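The structure under discussion appears below in the form of C-alpha cells.
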Amino acid sequence: MTPAAVVDTDPPTSDPERRSAMPEPTTIVPPLGPQPRLRRPSLAERVLDSGLHVIAVRRTGVPLVELRLRVPLAGTAASHPARTSLLSATMLTGTDRHDQVGLAEALGELGSGLSVSVDSDRLLVGGAVLRTGLGELLDLLAEILSGACYPAAEVAGERQRLLDRLAISRSQPAVLAREALRRRLFGDHPYAREMAELDAVAAVSPAQLRRLHGQRVVPDGATLTLVGDLSPARVLDQVTAALEGWGGPAGRRGPRPLPPVEPGPVLVVHRAGSVQSSLRLGGAAVPRDDPAYPALHLANLVFGGYFSSRLVENIREDKGYTYSPRSRIEHGAAGSSFLVDADVSTEVTAPALLEISYELGRMATLPVGQSELDDARQYAIGGLSLSTATQAGLASTLSTLAGVGLTADWLREHPVRLAKVTVPDVLEVSRRVFAPSGLVTVVLGDAGPVTGPMSSLGAVRRA
C-alpha cells in the first residue's frame with residue numbers, strides 16, 4: 001500500500017546542523033484517476049391523457065422509492081407568494097376522506113411522509129416510501145391532489161405560523177439583502193416577489209386556497225418523478241391507475257421572460273446601526289441548455305463557486321474581510337442569473353466591493369490558468385456524481401431538470417461537455433456574464449459610514 005505521507009518520527013532536536021540536514025516531511029498524493037462516465041439510468045416515461053408527465057427510474061440499493069411531483073406555477077396570477085405560500089403550508093391539513101391527523105396516521109402506517117414546498121416557479125410535493133407501500137402512497141397522493149379541502153381552523157393555525165416565520169425572516173439581513181437585489185434585478189417580474197408580505201398572507205381565505213388549488217394544482221404540464229427499487233414499466237401503470245381521477249384546466253401559460261438587466265449606481269439599503277454590510281451583486285447568466293453553460297459552470301467555480309476559488313482566496317484568506325463569500329448560478333423557468341454574496345464589517349465595505357470588482361474584471365479580461373480550470377473541472381464532475389449518487393438526490397435532480405425541459409440524458413452529457421471546456425471558452429463566457437459593468441450591486445447596511453467611501457468607486461444611490 002502506498003502511504004499517504006512520509007512523517008519524520010525522530011524526536012525534536014535543537015541541533016541546527018542536524019535540523020538542516022533532515023529531509024522535509026513529504027506528502028504523497030496519488031494522481032487522480034479517470035472520471036467515471038455517468039450512465040443513463042434505466043427509466044420509462046409516459047405522458048398521461050391528463051397531461052401529467054411521469055418518469056420512473058430504477059435505482060436499487062435500498063428498498064425505497066423517492067417521489068417528486070413538480071407542478072408549475074410560474075407565469076400566472078397563482079405565483080402570488082401569499083396565496084402559494086399558504087397553499088403549500090395547508091395542502092396536507094385534510095381531504096374529503098381524512099382530517100389532518102388521519103392523513104398523518106395513514107402516511108405513518110406506510111412508514112412514509114410527504115412535504116410540500118413552493119417557490120416562484122413551482123409547487124413541489126416530495127416523499128419516500130418502502131417499495132411495498134408505493135401503491136398506497138400513490139392513492140393517498142391522488143386523494144390529496146383531488147380532494148384537499150383546506151379546513152378553516154387548520155388554515156387559520158397555519159396562517160398564523162406562516163406569519164410568525166415571515167416576521168422572523170424579515171428581521172434577517174441575508175433575507176432583506178436578497179429581496180433588495182431581486183427587486184433591483186427583476187423589477188415588476190414575479191421573481192422580484194419571492195417572499196410574501198404579511199398583510200397579504202393575513203388576507204388569504206380558505207375559499208381562495210380551494211379555488212387556487214382547483215385552478216392551478218392540475219396535471220397538465222406537471223411532472224411526477226419516481227426513483228428507487230422499482231420496475232419502471234410497472235410503476236407507470238400504477239401511476240396511471242392511481243391518478244386517472246386527477247384533472248383540471250389545461251392550457252397552462254409559460255413564464256414571463258426575465259427583463260434585461262439595467263446596471264446603474266450602487267444601491268444602498270439603509271439599516272441603521274448595522275455593524276456589517278451585506279454585499280449582493282447580480283446579472284444575467286446562461287441557462288443549462290445553452291452551449292456555453294459548461295464553460296460558465298467552470299468559470300463560476302474558479303471565481304467564487306467553491307472553497308478554492310479566487311474570491312475566497314482574496315477577501316477571506318488574504319484580506320480577512322469575510323468568512324464565506326460565494327458566487328452561484330440560479331436557474332429559474334424564466335431565465336438564469338449570476339449572483340455574488342459577501343457579508344463584511346461596515347468599515348471594509350468599500351474595500352471588499354473593490355476587491356470583488358477586481359476579481360470579476362480579471363475573469364472578464366484575462367484567461368484563467370490551466371490548473372485552475374482543471375481543478376474546477378474535477379470538482380464539478382465529482383460534485384455531479386455525488387449529487388445523484390442517492391435515490392433522493394437523483395429524484396430531485398431529475399425533477400429539476402424536467403422542470404426546464406431537460407431529460408436524464410443531460411446527466412450523462414454534461415460531464416462530457418465539461419471535459420471539453422477550454423481556457424478560451426471560459427474567457428468568452430466570462431466576458432458575457434462577469435463583466436462588472438453589466439452587473440447590479442446592492443449593499444444592505446448603515447448608509448452613513450459606507451456611502452462616502454463607496455462614492456470613490458462610482459455612483460451610489462440610497463434606497
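Treat the numbers as computed from the prediction; the structure is a model and nothing was measured.
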Salt bridge (Lys or Arg N to Asp or Glu O under 4.0 Å) partners of R159, counting only residues at least two apart: none

Mutual orientation of the aromatic rings belonging to Y379 and Y306 [parallel < 30°, tilted 30-60°, perpendicular > 60°]: tilted

Nearest atoms (heavy-atom pairs only) where V344 meets A352: CG1-CB, 3.8 Å

Min side-chain heavy-atom separation L87-V118 under 4.5 Å: no

Derivation of the salt bridge (Lys or Arg N to Asp or Glu O under 4.0 Å) call for R412 and D409: CA-CA 5 Å; R412 182 169 47 88; D409 289 336; 3.4 Å; yes

Atom CG of D96 with >12 non-hydrogen neighbours under 6.0 angstrom: yes

Side chains of M363 and L311 in contact at under 4.5 Å (non-hydrogen atoms): no

Nearest heavy-atom neighbours spanning P173 and S278: CB-OG, 4.0 Å

Minimal non-hydrogen separation, I381 against P415, with atom names: CD1-O, 3.9 Å

L411 and L394: CA distance, side-chain angles, deciding distance, side chain to side chain contact (heavy atoms under 4.5 Å, CB included) verdict: CA-CA 10 Å; L411 291 175; L394 181 58; 3.7 Å; yes

For R326, salt bridge (Lys or Arg N to Asp or Glu O under 4.0 Å) partners two or more places apart: D341

Distance-only side-chain donor-acceptor flag, T95 / E143, under 3.5 Å: yes

Test side chain to side chain contact (heavy atoms under 4.5 Å, CB included) applied to L230 and Q238, step by step: CA-CA 11 Å; L230 52 80; Q238 277 186 291; over 6 Å; no

Between CG on residue L92 and CD on residue E154, distance to nearest 0.5 Å: 11.5 Å

Within-4.5 Å side-chain heavy-atom neighbours: V421 and H297: no

4.5 Å side-chain heavy-atom contact, D289 and V404: no

Q208 vs H80 side-chain heavy atoms within contact, under 4.5 Å: no

Spacing of CG belonging to L185 relative to CZ belonging to F338, to within rounding of 0.5 Å: 11.5 Å

Separation between CD of E136 and CD of E109, rounded to the nearest 0.5 Å: 8.5 Å

Test log, rule salt bridge (Lys or Arg N to Asp or Glu O under 4.0 Å), inputs D229 and R59: CA-CA 5 Å; D229 192 1; R59 170 65 70 85; over 6 Å; no

Non-hydrogen atoms of A148 and H213 that approach each other most closely: CB-CE1, 3.8 Å

Greater than 12 external heavy atoms within 6.0 Å of E262's CD: no

Exercise: identify the closest heavy-atom pair between A44 and A233: CB-N, 4.2 Å

Considering all heavy atoms, the nearest A222-L69 contact: CB-CD1, 4.4 Å

Pairwise distance CG(L103) to OG1(T93) - rounded to 0.5 angstrom: 9.0 Å

Q160-D164 side chain donor-acceptor pair, cut-off 3.5 Å: yes

pair V269-L176: side-chain heavy atoms closer than 4.5 Å: no

Distance-only side-chain donor-acceptor flag, D343 / T322, under 3.5 Å: no

Distance-only side-chain donor-acceptor flag, D425 / T422, under 3.5 Å: yes

Side-chain (D121) to main-chain (A333) donor-acceptor, under 3.5 angstrom: yes

Test side-chain contact (heavy atoms from CB on, under 4.5 Å) applied to T441 and L281, I356, L279, the passing residue: L281

Side-chain donor/acceptor of R131 to backbone N/O of G228, under 3.5 Å: no

Residue list, salt bridge (Lys or Arg N to Asp or Glu O under 4.0 Å) with E194, at least two apart or on another chain: R178, R182

Criterion side chain to side chain contact (heavy atoms under 4.5 Å, CB included) on V440 and L267, from CA distance to verdict: CA-CA 8 Å; V440 301; L267 179 66; over 6 Å; no

Full working for salt bridge (Lys or Arg N to Asp or Glu O under 4.0 Å) between E158 and R161: CA-CA 5 Å; E158 291 297 334; R161 281 186 280 273; 3.1 Å; yes

Plane angle bin for F186 and H189 - parallel if under 30°, tilted between 30 and 60°, otherwise perpendicular: tilted

R68, E66, Q391 screened by side-chain hydrogen bond (donor to acceptor under 3.5 Å, both in side chains) with S396, the one that passes: R68

Beyond-backbone contact of E179 with R170, side-chain heavy atoms, under 4.5 angstrom: yes

Face-on cation placement of R316 at Y323 ring, 6.0 Å and 45° thresholds: yes

Rounded distance (nearest 0.5 Å) linking atom CZ of R70 with atom CG of L398: 12.0 Å

Interatomic spacing from OG1 in T223 to CD in E45 - rounded to 0.5 Å: 9.5 Å

Q276 atom CD: more than 12 heavy-atom contacts under 6.0 Å: yes

Close side-chain approach of L224 and L243, heavy atoms under 4.5 Å: yes

